[in-house]
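The next block holds one structure in the form of C-alpha cells; read it before the comments.
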Amino acid sequence: MSASPGDTELYERIYQVVMQIPHGAVATYGDVALIVGGGCDGRIVGHALSELSPERALAVPWQRVINREGGISTAGLAQRQMLEAEGLIFSTDGRVSLVRYRWHGPDAAWAEAHGCRTLPPREEGEQLSLF
DNA sequence: GAATTGACGGGGC
DNA sequence: AGCCCCGCCAATT
C-alpha cells in the first residue's frame, strides 16, 4: 500500500475545504489544516495541492492558499497574478494583508456536514497597519 | 524501516 | 523586524 489509497480521502477533504474559500479571500496552510482536522497540518495541505492535477486545479482555487507570512510559497509569479486578478493588493515585499483578506473559515453547517471544524476565533486589529 | 525533505506553523529570544 | 528550535504528518530515498 505504498500508494496510500486510504489517504486519498484526506486529500479530497483538503480539496473540499480549499474550494470553500470565497473569491478575493485567502487562507493559510495552517488554517486549512485546522479546518480539515484529524492531525492534518500545513505540510499535508502543501503536498495535496502540489499533487493536484491540472484539471482538478481548475476546480480547486489553490492560489488562495498562502503561508502564514501572507506570502506566496510557490515558485513563479503565477499565483500572485491570479490573486491580483481577484483584487488582492500585494505589498512591495510580495505579501498581502492577512488581517484583511484572511478567510474566516467555512460555514458552521458546512463544516459539521463535512466532519470538519471551524476556524478558532482570532483577534482582529492586532497588526492592522492600514498602509 | 530509518533518515530526509517539503507549496508549514508556532513559540521563544 | 529578525533568527532559531521544535513539532507535525506524508512522501520519497
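Computed from a predicted structure; not experimentally measured.
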Figure out the CG/P separation between A:Leu10 and C:dC8, and round it to whole Å.
-> 16 Å
Contacts of A:Ser91 meeting side-chain contact (heavy atoms from CB on, under 4.5 Å) (sequence neighbours excluded), chain-then-number -> A:Asp93, A:Arg95
Do A:Glu86 side-chain atoms and A:Gly24 backbone N/O form a donor-acceptor pair below 3.5 Å?
-> yes
Pairwise P distance, B:dA7 and C:dC6 [rounded to whole Å] | 22 Å
Under a 4.5 Å cut-off applied to non-hydrogen side-chain atoms, are A:Val32 and A:Trp103 in contact?
-> no
Specify the separation, in whole Å, of atom CD of A:Glu51 and atom P of C:dC9.
-> 20 Å
Should the ring pair A:His114 and A:Trp110 be called parallel, tilted or perpendicular, given that the plane angle runs from 0 to 90° and is split at 30 and 60?
-> parallel
Kindly point out which of B:dG6, C:dC9, B:dG9 is positioned nearest to the side chain of A:Asn67?
-> B:dG9
Separation of C:dC9 atom P from A:Arg13 atom CZ, nearest Å, is 14 Å
Sequence neighbours left out, what passes ring pair (Phe, Tyr, Trp, His ring centres under 6.0 Å) with A:His104? Give chain and number order.
-> none
Using a cut-off of less than 4.0 Å, is there contact between a side-chain N or O of A:Arg95 and OP1 or OP2 of C:dA1?
-> yes
Hey, could you give me the CG/CD1 distance between A:Leu77 and A:Ile72, rounded to the nearest 0.5 Å?
-> 9.5 Å
Whole angstrom value for the distance that separates C1' of B:dG6 from CG of A:Leu49 | 13 Å
In whole Å, what is the span from the CD1 atom of A:Ile14 to the C1' atom of C:dC9?
-> 10 Å
Euclidean distance, atom CD1 of residue A:Ile44 to atom P of C:dC8 [Å, nearest integer] = 12 Å
Tell me, which of residues 28-40 of chain A have any heavy atom that sits under 4.0 Å from an atom in DNA chain B?
-> A:Thr28, A:Tyr29, A:Gly30
Whole Å only: how far is the CG atom of A:Asp41 from the C1' atom of C:dA10?
-> 8 Å
